[in-house]
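In what follows, a structure is listed as structure tokens, so that the remarks can point back to it.
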Amino acid sequence: MDIKIEKLKNILNGLKSALLAYSGGVDSTFLLKIALKTLGKEKVLAVIASSHTYPEKEKAEAVDLCEILGARYKIIETGELKDENFVKNPKERCYFCKQELFSRLKNIARENDLAYVMDGSNADDLHDFRPGARAKAELGIRSPLQEAGLTKQEIRDFSRDLGLKTWDKPSFACLASRIPYGIRIEPEILNKLEEAENFLSSLGFKQLRVRHHDKLARIELETRDIPKVLQDGLMDKISRKFEELGYTYVTIDLKGYRTGSLNEVLNG
């Protein structure tokens, strides 16, 4: 693992300066920490995207982390919801989103005299369906963690050793990933999903997803948390809240939480 960290530092030194697409998650926070240490504050700029697809809570946490780490940062409003290619929600939706985002980040990097744009993709991401990777390749975006071969668990372990509070933060993906392919991505649906997930978090559930299936909400929790739904009246609380949000049916997915569950239909 130490060899991978040295490789990461060498990659960053080779970049000389960089803009980081920063989400405040486990991976991008670890990369920001190492980049600041390796390149120095003036050679790194974290850019936080603000959008209906990105919850306000996540944006606020990203800002707080930048200030804790002493990083320069900038918040931009992204325009993926103005792109009909994205809104139609094809299986390549991430490509259109990342194409818009990374094109803007490249312009910001040029304006700030930064040599590269980088993101927090890790080695595990190579094994999932990631249409956004095509946009990265087309635009020359670098993924130092992936290039160094660092996995999610290794990044968590190193983050813990560095004292980063994100080391055990739940995995997160944009809210559009909760909507099955072919269903239009509308701000009203995204807002509803954000409120639903915030509600479940307030009940003490940590790693979770709410998948939107028209009038049906499919809740994914870690399998060890599923029995908790039946305790202390939580089932009724959840049902009432989700009905207020407009869902007629509320289900718990017995397979539990898993990344990219909506991609399972692509393999069926």
Side-chain angles (χ1 to χ4, degrees), residues 5 8 12 17-80 97-98 101-102 104-105 108-109 111-112 114 117-122 125 143-145 150 152-178 187 190-191 193-210 222 257 259:
I5 292 297
L8 174 61
L12 291 169
S17 64
L19 180 155
L20 171 62
Y22 184 61
S23 68
V26 179
D27 302 326
S28 61
T29 299
F30 174 71
L31 179 55
L32 179 59
K33 173 73 173 181
I34 300 299
L36 290 170
K37 186 176 180 180
T38 304
L39 299 176
K41 178 179 177 179
E42 297 306 314
K43 296 294 185 180
V44 180
L45 175 65
V47 176
I48 301 164
S50 179
S51 164
H52 282 286
T53 66
Y54 187 51
E56 285 296 318
K57 181 178 71 172
E58 293 292 322
K59 182 173 73 174
E61 288 181 7
V63 169
D64 287 344
L65 285 163
C66 282
E67 293 180 347
I68 289 169
L69 293 174
R72 295 190 301 142
Y73 68 90
K74 179 182 181 69
I75 301 172
I76 63 168
E77 296 286 335
T78 56
E80 68 271 17
C97 178
K98 296 298 187 185
L101 172 62
F102 288 136
R104 291 189 59 190
L105 295 185
I108 295 171
E111 291 166 3
N112 287 270
L114 298 169
V117 173
M118 61 183 181
D119 80 342
S121 298
N122 63 56
D125 294 329
S143 299
L145 300 176
L150 283 157
K152 188 77 166 188
Q153 188 56 55
E154 289 171 339
I155 292 164
R156 287 190 184 279
D157 292 343
F158 278 123
S159 296
R160 183 182 58 227
D161 294 343
L162 289 171
L164 294 172
K165 66 179 184 178
T166 51
W167 77 269
D168 64 344
K169 184 175 181 177
S171 297
F172 182 80
C174 87
L175 291 171
S177 67
R178 286 35 164 191
L190 297 170
N191 292 339
L193 288 166
E194 179 178 358
E195 188 171 349
E197 293 193 352
N198 284 343
F199 177 74
L200 291 175
S201 294
S202 75
L203 296 178
F205 297 107
K206 193 171 182 181
Q207 186 68 75
L208 59 94
R209 293 285 188 272
V210 176
E222 291 184 291
Y257 163 78
T259 60

Test your reading of the model: is there a side-chain donor-acceptor pair from [X] to the backbone of [Y], 3.5 Å cut-off?
X    : Y    : value
T78  : E80  : no
Q207 : S171 : yes
R178 : A173 : yes
E222 : K206 : no
Y54  : S23  : yes

Can you check whether [X] reaches [Y] side chain to side chain, under 4.5 Å on heavy atoms?
X    : Y    : result
L19  : N112 : no
K152 : D27  : yes
E194 : E56  : yes
L164 : L69  : yes
N122 : L150 : no
R104 : V47  : no
F172 : P55  : yes
F30  : L8   : yes

Closest heavy-atom pair and its distance - [X], [Y]:
X    : Y    : value
L105 : A21  : CD1-CB, 3.6 Å
C174 : S177 : O-OG, 2.6 Å
S201 : L208 : OG-CD2, 3.9 Å
D168 : K165 : OD1-O, 3.6 Å
A49  : L101 : CB-CD1, 4.3 Å
Y73  : E67  : OH-OE2, 2.9 Å

(message) Just to verify, what does S143 make a side chain to side chain contact (heavy atoms under 4.5 Å, CB included) with, not counting sequence neighbours?
(response)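 Result, side chain to side chain contact (heavy atoms under 4.5 Å, CB included) vs S143: D119, S121, K136, Q146.
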(message) Once side chain to side chain contact (heavy atoms under 4.5 Å, CB included) is applied, do any residues pair with K169, and if so which ones, sequence neighbours excluded?
(response)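 Partners of K169 by the side chain to side chain contact (heavy atoms under 4.5 Å, CB included) criterion, ordered by chain and then number, come out as V26, E58, E61, T166.
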Could you tell me the separation between the [atom1] atom of [X] and the [atom2] atom of [Y], rounded to the nearest 0.5 Å?
X    : Y    : atom1 : atom2 : answer
I75  : K59  : CD1   : NZ    : 6.0 Å
S202 : L200 : OG    : CG    : 7.5 Å
T29  : W167 : OG1   : CH2   : 14.5 Å

(request) Verify whether one side chain among Q153 and D157 offers a donor that lies under 3.5 Å from an acceptor in the other. (result)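 The answer is yes; a qualifying pair exists.
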(message) Assess the residue pair H52 and L175 against the criterion (side chain to side chain contact (heavy atoms under 4.5 Å, CB included)); give the C-alpha distance rounded to whole Å, side-chain angles, the decisive distance to 0.1 Å, and a yes or no.
(response) CA-CA 8 Å; H52 282 286; L175 291 171; over 6 Å; no
Below 3.5 Å, can you tabulate the donor-acceptor pairs from side chains in residues 31-45 to any protein atom, sequence neighbours excluded?
residue, atom, partner, partner atom, Å
T38, OG1, I34, O, 2.7

(message) Show, in sequence, the C-alpha distance, side-chain angles and deciding distance for I155 and S159, and conclude whether the side chain to side chain contact (heavy atoms under 4.5 Å, CB included) test is met.
(response) CA-CA 6 Å; I155 292 164; S159 296; 4.0 Å; yes
